[in-house]
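One-based numbering, in listed order, for ligands and for the atoms of each. Everything quoted here is computed from the prediction, not taken from an experiment.
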Amino acid sequence: MNYARFLTAVSAARKPSPIRMLTELQQRSPPSLISLAGGAPNPNTFPFQSASITVRNGQTVTFDEVTMKRALQYSASNGIPELLTWMKNLQKNLHNPPTASYSPESGQMEMCVTTGSQEGLCKVFEMLVNPGDNVLLDAPTYSGTLAALQPLGCNLINVPSDQHGMIPAALKEVLSRWHPSEVHKPGSTAPKILYTIPNGGNPTGASMTAERKKEVYELARQYDMLIIEDDPYYFLQFEKPWAPTFLSMDVDGRIIRTDSFSKILSSGLRIGFVTGPKPLVDRVVLHIQASTMHTSTFTQLMVSQLLHSWGQEGFLQHIDRVIEFYRKQRDAMISSADKWLKGLSEWHTPSAGMFLWMKLKGIADTQQLIMEKALEKEVLLVPGGVFMINSSEPCPYVRAAFSLSTPEQIDEVLLFSGKENKNTSSS
Ligand SMILES: Cc1ncc(COP(=O)(O)O)c(CNc2cc3ccccc3n(O)c2=O)c1O
């Protein structure tokens, strides 16, 4: 893979921060090292002394005075070593990426910690997307992705999808405007990246089949595209075996995967990961060096201590409990939709994630219904327009999240939606 062709001029111009390199050198050195280098503050001046966090299973995550001083100090831009190592072992165990054994220049699997996968997405887009670039994605899509991509001045091209994710034949049709042999020609406008949410899609709840992933991957090979696999709902797949990921089939080193702990450990701790070819992940880290410097050391250490005490088995047992919770929530929402919205609305039952994507019949655009009538009744849903590439286009869909409300509250909202739908479509 020639990774240079994918980089923006800004990303290509990034250089290692000398001061960050010194900090990381110091942190890798024995305590006997006397450093007058780093401008790190003296942790003895910090007011925080120790911490003990109670875990629901009765364990505690403890920061004694020595650990607390480390937790409150600067750390490496790519993430604290013990968390990175733990996550790399998990990725290898779950996805067995072909790139794990590649040489660095050939796209060896590399990872970095990011402040939520949102930071990872934002930095990956800013690394790859120039104004005027054609970018492929399946809309409707996560509004945070649109918020990160659209200001870059790129041209978003929608690839049709359905409840099983992106449709490979549709992707082939979109790509037929270009010839594979011409994508490397100077001035070629062929798309270089494709973005998708393969499991429990936001907002549609769609999950991509393994077969479709293989076909999409082969088309990415033909046209030498990178695939951004944004997968925060991977651990919220209700049925096993979990779908094979693009990372698991990445023989070329063309997958950039973003993972998140937000839906399984904590959304407020802001812990995400970018996994991808070393030449590209290293560029994201250079951007982190010059922006946030690193994700909070405190939260990384807190999560790392928990994960090391759980081990992968304990982590996956926790995931099973989380899946059971969201499966019950999903079932409650579907049961209420069947009761109150049959004939008035259309939907597909999601097999992962936390969203139900409903088309309200007889309503051209849900914006007014949601933002005025629903709010009057103290009901909040998301009008589907916010997930579309052109948010001003009328959209008959709403996104309903089954993550926070109780089954009783979900039933109340869908009862309201049914009544409103009847009134609106009969008026
Ligand atoms: C597909 C996809 N990719 C990346 C992210 C970012 O997750 P991170 O790891 O926490 O940074 C997300 C998070 N999605 C949402 C977040 C959110 C936060 C406050 C309020 C509302 C929110 N709604 O509605 C969301 O959908 C996502 O769905």
With the criterion set at N/O pairs under 3.5 Å, what does the list of contacts between the protein and ligand 1 look like, atom names and distances included?
from     : atom 1 : to   : atom 2 : distance (Å)
ligand 1 : 3 (N)  : D230 : OD1    : 3.3
ligand 1 : 3 (N)  : D230 : OD2    : 2.7
ligand 1 : 7 (O)  : S117 : OG     : 3.3
ligand 1 : 9 (O)  : S117 : N      : 2.8
ligand 1 : 9 (O)  : S117 : OG     : 2.7
ligand 1 : 9 (O)  : S260 : OG     : 2.7
ligand 1 : 9 (O)  : S262 : OG     : 3.4
ligand 1 : 10 (O) : S262 : OG     : 2.6
ligand 1 : 10 (O) : R270 : NH1    : 2.8
ligand 1 : 11 (O) : S117 : N      : 3.2
ligand 1 : 11 (O) : Q118 : N      : 2.9
ligand 1 : 11 (O) : R270 : NH2    : 2.7
ligand 1 : 24 (O) : R399 : NH2    : 2.8
ligand 1 : 26 (O) : N202 : ND2    : 2.7
ligand 1 : 26 (O) : R399 : NH1    : 3.1
ligand 1 : 28 (O) : N202 : ND2    : 2.8
ligand 1 : 28 (O) : Y233 : OH     : 2.5

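Between V129 and L149, the closest side-chain pair of non-hydrogen atoms falls below 4.5 Å. Counting heavy atoms from C-beta outward, Q305 and F63 have side chains that approach closer than 4.5 Å.
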Using atom types as modelled, flag every donor-acceptor pair under 3.5 Å from a side chain in residues 271-285 to any protein atom, sequence neighbours excluded.
from : atom 1 : to   : atom 2 : distance (Å)
T275 : OG1    : Q91  : NE2    : 3.0
K278 : NZ     : E110 : OE2    : 3.4
K278 : NZ     : D282 : OD1    : 3.2
K278 : NZ     : D282 : OD2    : 3.1
R283 : NH1    : S11  : O      : 2.6
R283 : NH1    : A12  : O      : 3.4
R283 : NH1    : R14  : O      : 3.1

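Panel note: side chain S266, backbone G268; a donor-acceptor pair is recorded below 3.5 Å. Between the side chain of S117 and the backbone N or O of S260 there is no donor-acceptor pair closer than 3.5 Å.
Note that R257 lies in the cation-pi zone of Y234, set by a 6.0 Å cut-off to the ring centre and a 45° limit from the axis.
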